[in-house]
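This report concerns only the one structure given below.
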Amino acid sequence: MTPQRYSLGSIVLHWLIASALVFQIVFAESLEGPRGPDLFARYQLHKSVGITILLLSLLRLAWRYIAPRPAAVPGPKWAMTLSSLVHFGFYFFMIAAPVTGWIIVSTSKIKVETLLFGIVPWPHLPVPASWGEPAEFLHHFMPNVAIALLVLHVAGALRHQYLLGTPILSRMLPGGKGKAIGALLTAAAIMLAGLVLAKVVDPKGATPPAKAAAVPAEQLSAPAPASTTPEPSEEAAKPNETAEATDEAAQPRDWAVSKGGRLGFTARWNGEPVEGSFTRWTADIAFAPEALDASTIEVSIDLASVDTGDGQRDGTLTGSDFFDTGRFARATYRATRFRAEGGNRYRADGTLTLRGVAKPVPLSFTLDIDGDKARARGNASIDRTSFGVGQGDYASTAEIAGPVAISFDFRATARN
Ligand code: HEM
Ligand code: HEM
């Protein structure tokens, strides 16, 4: 026998999913918001609720086939077709929205683990990277379609309930009989609950680790005392003064860096290498193998020019958790001490100032000089945590390793 109303399971799932979807779409706005220390937590919450919607929707679909449903409300053909199309569209959205989100995170260059509600590890989908872009397009586009479906869906329900006198709400809501306004208010309250929750929820406050990290994060991001102390000593070792103290005859040559050079880095995220480079940097180079004592190198890097091939990740890197370019726009490397290591190999003992923290960083490089032209290639390794790059949750080296490899390869032309 066909029942008069939906089973309790269907009803509970309908309203749970409906309010969770409202939450999800409204809360998603905060993913575009300020990239503070809680961005990671906001993404984790978005993924957790999204995957929950996926699981509930699969259950809902299975339920649909197991538990008998009330017969479709009779009406003109267009209305019945439209209603079926809207329901089909909803089911499609309830599955496809989370799956496309899941594909985005599974194909992202930086693989961030998903830990549902901070507890249940959730795997990545084994899909090719080429699926990432279409998935991203659909993931952003589909919620708009779903909002249009919701307008049609609610209009259809109200039309039946109040215009045609078929109390359709009672099939999906306890107490939705006749023209009672109570059922409508209950439906509105359920939807509003999702919306209000999305507006008030603050994953930073709600997630203990992020909250705990907020205090040291603030302390760490304040300019460390170390940032100012090395400056005077570097000043004291100004190139000209050093040059005067050494062999007058051997003067370093000034070099202009040619276009097309690369200053890059490789970090490791969950064991996977993540490569990036800086597209804007300048270098003042006074260097000659025969005048090492008088040689100096000063490199200035515009941190906002970081490019890892992913705009979202670059945004995170320039944000307050990583480079904090709003406060520390540039990183500098200054070296005034060099050592020949045989052949074309050299070592520089310089100081890297990054995020307001100055630390000694040795650099190994090779230099091939051919007349007025030279090519320099080299590398160094830094511990990102000692510069405070990675605050809050990112300070942990469980996901992003501490050591970061720096490399460069550029050509230069001598000015003298
Ligand atoms: C995003 C939010 C919503 C989604 C995704 C959604 C989805 C659905 C789906 C898929 C069905 C078909 C159930 C089936 O037969 O398998 C359905 C039925 C129904 N929904 Fe919604 N719904 C939402 C919000 C609402 C709201 C706000 C109302 C109240 C105004 C409502 C009232 C109903 C009613 C009365 C039915 C039963 C229709 C019938 O008996 O033919 N829904 N909903
Ligand atoms: C029903 C479920 C879901 C809905 C309705 C939904 C909705 C949205 C919306 C509207 C945005 C755009 C936010 C903005 O930039 O303004 C978004 C972004 C995003 N969502 Fe979801 N989402 C869902 C599930 C998921 C799931 C399950 C995951 C991952 C497991 C996920 C991962 C993402 C990611 C990574 C972004 C940022 C994409 C980018 O901007 O490149 N979403 N989501």
Side-chain angles (χ1 to χ4, degrees), residues 4-6 10-11 13-33 42-57 60-61 63-65 67 69-73 75 79-80 83-84 86-108 112 114 116 122-125 132-133 135-144 146-147 149-161 166-173 176 183-192 194 310-313 315:
Q4 290 299 303
R5 50 208 311 267
Y6 283 89
S10 298
I11 294 174
L13 285 168
H14 175 273
W15 292 109
L16 254 184
I17 295 171
S19 60
L21 277 173
V22 172
F23 173 92
Q24 189 72 344
I25 293 175
V26 175
F27 183 74
E29 280 173 28
S30 76
L31 301 179
E32 288 276 290
R42 277 185 261 143
Y43 264 100
Q44 288 292 338
L45 184 62
H46 181 78
K47 295 192 285 183
S48 303
V49 176
I51 294 295
T52 307
I53 291 173
L54 174 64
L55 298 177
L56 290 176
S57 302
R60 171 80 184 88
L61 267 183
W63 204 281
R64 193 175 195 269
Y65 289 101
R69 292 186 311 130
V73 184
M80 291 180 78
S83 153
S84 303
V86 169
H87 290 174
F88 175 83
F90 265 149
Y91 281 123
F92 182 81
F93 169 71
M94 283 146 60
I95 307 285
V99 168
T100 48
W102 193 3
I103 293 175
I104 297 176
V105 297
S106 305
T107 52
S108 161
V112 182
T114 301
L116 300 184
W122 190 255
H124 290 307
L125 283 169
E133 239 175 79
E136 203 173 314
F137 170 76
L138 288 174
H139 196 72
H140 280 249
F141 179 69
M142 275 189 303
N144 302 318
I147 291 168
L149 290 180
L150 182 62
V151 171
L152 288 173
H153 189 60
V154 173
L158 297 185
R159 174 175 169 270
H160 275 289
Q161 189 85 7
T166 30
I168 203 174
L169 283 176
S170 65
R171 292 153 61 110
M172 205 38 117
L173 257 184
L184 196 64
L185 288 180
T186 312
I190 294 171
M191 304 298 274
L192 208 63
D310 178 325
Q312 185 194 343
R313 184 168 54 208

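Below, all heavy atoms of this structure are taken into account, side chains as well, without hydrogens, waters or symmetry copies. Heads up: numbering here begins at 1 and tracks the sequence. As the structure is a prediction and not an experimental result, all values here were calculated from the model. As the structure lists them, so they are numbered: ligands from 1, and atoms in each ligand from 1.
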Just wondering, are more than 12 heavy atoms of other shown residues or ligands nearer than 6.0 Å to OH in Tyr91?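 Correct, the count exceeds 12.
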Report the C-alpha separation of Ile95 and Leu61 in whole Å, then their side-chain angles, then the decisive distance to 0.1 Å, and conclude whether the side chain to side chain contact (heavy atoms under 4.5 Å, CB included) test is met. CA-CA 10 Å; Ile95 307 285; Leu61 267 183; 4.2 Å; yes
Looking only at distance, does [X] have an N or O less than 3.5 Å from an N or O of ligand 1?
{"X": "Tyr6", "result": "yes"}
{"X": "Trp15", "result": "no"}
{"X": "Arg69", "result": "yes"}

Tell me whether ligand 1 is touched by [X] - counting only heavy atoms on the residue side and a distance under 4.0 Å.
{"X": "Phe93", "answer": "no"}
{"X": "Ile17", "answer": "no"}
{"X": "Arg60", "answer": "yes"}

Which option wins on minimum heavy-atom distance to [atom]: [options]?
{"atom": "atom 27 (C) of ligand 1", "options": "Leu184, Val22, Val154, Leu169", "result": "Val154"}
{"atom": "atom 40 (O) of ligand 1", "options": "Met191, Arg5, Gln161, Arg171", "result": "Arg171"}
{"atom": "atom 1 (C) of ligand 2", "options": "Leu21, Ile95, Thr114", "result": "Leu21"}

Atom CD1 in Ile147, atom CZ in Phe93: separation rounded to 0.5 Å?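 That separation rounds to 8.0 Å.
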Between CG of Leu138 and CD of Glu133, what distance do you get to the nearest 0.5 Å?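 Going from CG on Leu138 over to CD on Glu133, the span is 11.5 Å.
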Please test Val49 against Phe27 for side chain to side chain contact (heavy atoms under 4.5 Å, CB included), starting from the C-alpha separation and ending with a verdict. CA-CA 10 Å; Val49 176; Phe27 183 74; over 6 Å; no
Hey, which atoms in ligand 2 end up nearer than 4.0 Å to a heavy atom of [X]?
{"X": "Pro98", "result": "1 (C), 2 (C), 24 (C), 26 (C), 27 (C)"}
{"X": "Ile51", "result": "27 (C)"}
{"X": "Ile25", "result": "5 (C)"}
{"X": "Pro143", "result": "10 (C)"}
{"X": "Trp102", "result": "28 (C), 29 (C), 30 (C)"}

Glu136 N/O to ligand 2 N/O under 3.5 Å: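 Glu136 vs ligand 2: N/O contact under 3.5 Å present.
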When only distance counts, is His140 in polar contact with ligand 2, meaning an N/O pair under 3.5 Å?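 Yes.
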Can a donor-acceptor pair be found, under 3.5 Å and without considering hydrogens, that links the side chain of [X] to the backbone of [Y]?
{"X": "Thr52", "Y": "Ser48", "answer": "yes"}
{"X": "Arg5", "Y": "Ser170", "answer": "yes"}
{"X": "Ser83", "Y": "Ala79", "answer": "no"}
{"X": "Thr166", "Y": "His160", "answer": "yes"}

With side chain to side chain contact (heavy atoms under 4.5 Å, CB included) as the criterion, how do Trp102 and Leu54 come out once you've worked through the C-alpha distance, each side chain's angles and the decisive distance to 0.1 Å? CA-CA 10 Å; Trp102 193 3; Leu54 174 64; 4.1 Å; yes
How close does the nearest protein non-hydrogen atom get to [atom], and which residue and atom is it?
{"atom": "atom 22 (N) of ligand 1", "result": "His14 NE2, 2.8 Å"}
{"atom": "atom 7 (C) of ligand 1", "result": "Phe90 CD1, 3.3 Å"}
{"atom": "atom 16 (O) of ligand 2", "result": "Glu32 CG, 3.1 Å"}
{"atom": "atom 36 (C) of ligand 2", "result": "Tyr43 CE2, 3.8 Å"}
{"atom": "atom 3 (C) of ligand 2", "result": "Gln24 CG, 3.4 Å"}
{"atom": "atom 13 (C) of ligand 2", "result": "Ala28 O, 3.4 Å"}

Would Tyr6 and His14 count as a close aromatic pair, with their ring centres under 6.0 Å?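 No, they do not, as the ring centres are separated by 6.0 Å or more.
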For ligand 1, indicate whether the residue Leu150 contacts it via side chain, backbone, both or neither (heavy-atom separation under 4.0 Å).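 Near ligand 1, Leu150 shows its side chain, while the N, CA, C and O stay back.
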Taking the side chain as C-beta and beyond, is there a heavy-atom pair between Met191 and Leu150 under 4.5 Å?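 Yes - at least one pair of side-chain heavy atoms lies under 4.5 Å apart.
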Do Lys47 and Trp122 touch side chain to side chain, with heavy atoms closer than 4.5 Å?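 Side-chain contact under 4.5 Å: no.
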Have a look at ligand 2 and work out which part of Leu31, if any, has a heavy atom under 4.0 Å from it: side chain, backbone, both or neither.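 Answer for Leu31: side chain.
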Once you restrict to heavy atoms under 4.0 Å, what part of Met142 touches ligand 2? Side chain, backbone, both or neither.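 Met142 to ligand 2: no contact under 4.0 Å from either part.
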Is the His46 ring parallel, tilted or perpendicular to the Tyr43 ring (thresholds 30°, 60°)?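 Judged by the thresholds at 30° and 60°, the geometry between His46 and Tyr43 is perpendicular.
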Between Phe141 and Thr100, does a side chain to side chain contact (heavy atoms under 4.5 Å, CB included) hold up when you go through it step by step? CA-CA 11 Å; Phe141 179 69; Thr100 48; over 6 Å; no
Trp15 and Ala187: which non-hydrogen atoms are nearest, and at how many Å?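 Distance-wise, the nearest heavy atoms are CH2-CB, 3.5 Å.
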Atom nearest to atom 21 (Fe) of ligand 1 - His153, N, O or S atoms considered: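 Looking at His153, the N, O or S atom with the least distance to atom 21 (Fe) of ligand 1 is NE2.
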When you draw lines from atom 21 (Fe) of ligand 2 to NE2 of His46 and to NE2 of His139, what angle lies between them, to the nearest 10°?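 Answer comes to 170°, rounded to 10°.
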